[in-house]
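Remember, it's a predicted structure, so these values are computed and weren't measured experimentally.
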Amino acid sequence: MRSNWRKQMMISALALTLSATNVAPVFASAAPDGKTNAADIAQTMGTTAQWNRWEKEWETLKNDWTQISLSPGSNATELNFAWYTPKKINDDNSNAAVQAKVQAISPEQKNSNVPKLIIGEGRNMKNAKVYEAEQTAVKDEQDNNGETYNSNKVTATGIKENKTYYYSYDNGNGYTKPAAYTTKSTNNFSFAFVGDPQIGSSNELKGKDTKEFYDAQSNAVKSDAFNWSSTLNAALEKTNDQLSFVVSAGDQIQTTKKKSPNKDASKSEIEYTGYLSPEALKSLPVATTVGNHDADNANYTYHFNRTNASELGSNKVVGGDYYFKYGNALFIMLNTQDTNVAEHKQFIEQTVAANKDCKWRIVTLHQDIYGSAEHSNEPEITNLRYQLTPIFEQNDIDTVLTGHDHAYSRSKMLLGGTKANDYTDDEFDAELKKDMDAGENPTTKTVAPGNIKNDSTDEKDQKYLTYLKSIMDEKAIETVKKQGSSVINPEGVLYMTAGSSSGSKYYDLVPRQQTYIAHRWQEDVPTYSVVDVTENSLTINTYRTDNDEKIDETFSITKSKGDTTSLNVEIKASESIVKQKDAYTTESYRVFEQALTGAKEVAADKKQQKMKLKMH
């Protein structure tokens, strides 16, 4: 009896101590991140033979850093290339036919040590041009044999629509076998939208400096790269090889410089080799976005040749924002790993003003500012949302493509979301973890459990739930005119978050679907979207890689002839004429003034409509 009494006293004392010191409850952990093994997806897709070949090929390829990347040029008449060469080049194994053609076109370059790229029409490279690469030394990097590298960049110009070109480049061991690149029409075109290949992320030992880590890294890259290639092939097959390019929402690779063993920048190179290895990428340009896994390592800048690159939005490591045009569409690529929103605003305004002829305006950034998985409710993400969305709306952006969340979501048309309170980036870390906690024996999930209940008596829980309600942005949902699957002349912006395109890692959807979400999907399968652009419509279809089934209904934005998307930009540009009134005749200025007054009245009416939407 006395022993039991003492035991009860000790338990009571312990409980009082815990209560007095406000010790937080101990939780297990979130559900393990899902991932897709290449052997499994190969079996599902009937590509096991390709996987078996790739396993053998990888052992030869994995230490070759000289894979080429293709990126969109400033417009459809240009194509950008980037590739590595060892600083000690060897021409002994050069492709003799290509070498002879290069020397015939540019005999003065015969003895030049600068690597070159040759590109021409058809297999015979008719009207071929030879370009000397612009070289940059790859800093602080060498392979296991002590070999150091240069990054080489070329912009090919004079590219014509609907033609097949062949190109070859000097990779340091001579000229490569010519590869084909077929251009498409710019009137009606298609591009693929993908998220977070993050090659190497399926490595569960990431960040450790051991033999086991390097073995695991190689195996992870081999698997992730195969899945990445499978997604690209599926997108090409879905469009009958009619993709003009790919837009990636960032995190091309896994290993950051900060978290690599000994902060060695070269530890990501095997992942870039895997990322660039798909055969599809020899003929398919990719417009990449800087993700948080790309941002602290200059390797990103060495491997991709981005056009119209700006220092605005630069984090001083991987450069800033950039843009390109294709047909009637303007693509604005933001490096939001730099959170200087004033610079992003300046870049967007300057870019839009310089490209007023573009009917469609598409922004890509990494963070899922209107997503629906693990990252979407973080104050760090929502704070960025409310800084950026007014800029997008003021510049009549049609759609914003994002990643980071490794789960697919599509928003409703949104206009005028406003921040209710100020929260620090890490204010709800404990509550976010508690809400996602999967218990003592966590298993892989696709939707988080949602442990914080509405009737919780914990003050911190209630503050967190109030925050969640405030970021649902119900008042920002635009009432739109619809015709079938298409919204007609919307004023708001569509936000899409891509799932993982490689299956290297998946995140759970948050337990409470946000009001702003039209559709979301997570079944731990790689996905991709195909975006079709015409003069008057932008249409999106999204598919799972393994069986090509749609995971969302078709969604379109249609602009009728009466649409006034670029009106505000035109008005702003016209202000300079007002300041130079004396330079015009009285009659010509009177006509201009009448037109400007009318345009401002239309714009004011649009603004009034937006204000009504914000109030309701």
Side-chain angles (χ1 to χ4, degrees), residues 32-33 35 58-59 61-67 69 82-84 86-87 136-151 195-228 248-277 288-304 314-319 335-338 366-367 375 380 403-404 406 500-507:
D33 296 329
K35 64 180 181 180
W58 176 244
E59 293 307 310
L61 181 66
K62 65 183 180 182
N63 294 318
D64 182 358
W65 295 4
T66 65
Q67 308 305 306
S69 74
W83 73 97
Y84 277 17
K87 287 190 176 178
T136 304
V138 176
K139 295 180 181 178
D140 305 323
E141 292 208 11
Q142 58 184 28
D143 67 10
N144 294 331
N145 298 316
E147 190 96 72
T148 54
Y149 288 82
N150 287 319
S151 167
D196 298 80
Q198 209 162 322
I199 304 300
S201 186
S202 62
N203 176 12
E204 294 178 0
L205 299 178
K206 41 191 176 251
K208 298 181 180 179
D209 191 16
T210 62
K211 180 183 183 302
E212 290 75 18
F213 160 74
Y214 295 110
D215 290 342
Q217 183 188 35
S218 177
N219 287 329
V221 172
K222 175 174 63 178
S223 178
D224 297 346
F226 181 84
N227 294 347
W228 165 231
S248 167
D251 278 358
Q252 278 61 232
I253 50 87
Q254 162 64 29
T255 303
T256 62
K257 183 175 179 179
K258 179 180 179 181
K259 292 187 177 180
S260 67
N262 301 316
K263 296 186 178 180
D264 183 351
S266 69
K267 298 309 181 204
S268 67
E269 288 296 359
I270 189 173
E271 296 168 359
Y272 276 111
T273 295
Y275 172 88
L276 294 170
S277 66
T288 57
T289 313
V290 178
N292 51 296
H293 284 264
D294 309 309
D296 76 340
N297 193 331
N299 293 350
Y300 173 85
T301 64
Y302 302 142
H303 280 292
F304 303 113
S314 174
N315 67 344
K316 310 307 179 187
V317 179
V318 293
N335 175 11
T336 47
Q337 305 316 303
D338 176 74
H366 183 59
Q367 289 94 323
H375 288 307
E380 178 183 8
H404 196 46
H406 298 245
S500 169
S501 54
S502 69
S504 64
K505 178 168 63 178
Y506 304 105
Y507 289 144

Qualifying residue, where the test is side-chain contact (heavy atoms from CB on, under 4.5 Å) with Asp196 and the options are His366, His293, Lys505: His366
Between His303 and Tyr272, what is the ring plane arrangement, given parallel below 30°, perpendicular above 60°, and tilted in between? parallel
I would like to know whether Asp251 and Asp294 meet side-chain contact (heavy atoms from CB on, under 4.5 Å); could you show each step before the answer? CA-CA 6 Å; Asp251 278 358; Asp294 309 309; 4.0 Å; yes
Atom pair [atom1]/[atom2] of [X] and [Y] - distance to nearest 0.5 Å:
{"X": "Ile270", "Y": "Asn63", "atom1": "CD1", "atom2": "CG", "value": "6.5 Å"}
{"X": "Lys316", "Y": "Asp338", "atom1": "NZ", "atom2": "CG", "value": "7.5 Å"}
{"X": "Thr273", "Y": "Lys222", "atom1": "OG1", "atom2": "NZ", "value": "15.0 Å"}
{"X": "Leu276", "Y": "Ile253", "atom1": "CG", "atom2": "CD1", "value": "11.0 Å"}
{"X": "Asn219", "Y": "Gln217", "atom1": "CG", "atom2": "CD", "value": "10.5 Å"}
{"X": "Asn297", "Y": "Ser266", "atom1": "CG", "atom2": "OG", "value": "9.0 Å"}

With a 4.5 Å limit on heavy-atom distance, are the side chains of [X] and [Y] in contact?
{"X": "Ser268", "Y": "Ser260", "result": "no"}
{"X": "Ile199", "Y": "Gln254", "result": "no"}
{"X": "Ser501", "Y": "Trp228", "result": "yes"}
{"X": "Ser277", "Y": "Leu61", "result": "yes"}
{"X": "Phe304", "Y": "Gln252", "result": "yes"}

Does [X] use its side chain to pair, donor to acceptor, with the backbone of [Y] at less than 3.5 Å?
{"X": "Asp296", "Y": "Val317", "result": "no"}
{"X": "Ser248", "Y": "Gly195", "result": "no"}
{"X": "Ser151", "Y": "Tyr302", "result": "yes"}

Any chance the side chains of [X] and [Y] put a donor and an acceptor closer than 3.5 Å?
{"X": "Thr336", "Y": "Gln367", "answer": "yes"}
{"X": "Trp58", "Y": "Ser218", "answer": "yes"}
{"X": "Asp264", "Y": "Asn262", "answer": "no"}
{"X": "Glu271", "Y": "Gln198", "answer": "no"}

Minimum heavy-atom separation for [X] and [Y], please, with both atom names.
{"X": "Ala220", "Y": "Ser202", "answer": "CB-OG, 3.3 Å"}
{"X": "Gln67", "Y": "Asp64", "answer": "NE2-OD2, 3.2 Å"}
{"X": "Ala216", "Y": "Leu205", "answer": "CB-CD1, 4.0 Å"}
{"X": "Lys87", "Y": "Asn150", "answer": "CE-OD1, 3.4 Å"}

Is the distance between the ring centroids of Tyr506 and His406 under 6.0 Å? no
Can you spot which of Trp65, Tyr84, Tyr149 makes a side-chain hydrogen bond (donor to acceptor under 3.5 Å, both in side chains) with Glu269? Tyr84
Applying side-chain hydrogen bond (donor to acceptor under 3.5 Å, both in side chains), run through Asp224 and Ser502 and close with a yes or a no. CA-CA 6 Å; Asp224 297 346; Ser502 69; 5.2 Å; no
Mind checking side-chain contact (heavy atoms from CB on, under 4.5 Å) for Val318 and listing every partner two or more places apart, or none if nothing turns up? Val290, Tyr300, Thr301, Asn315, Asn335
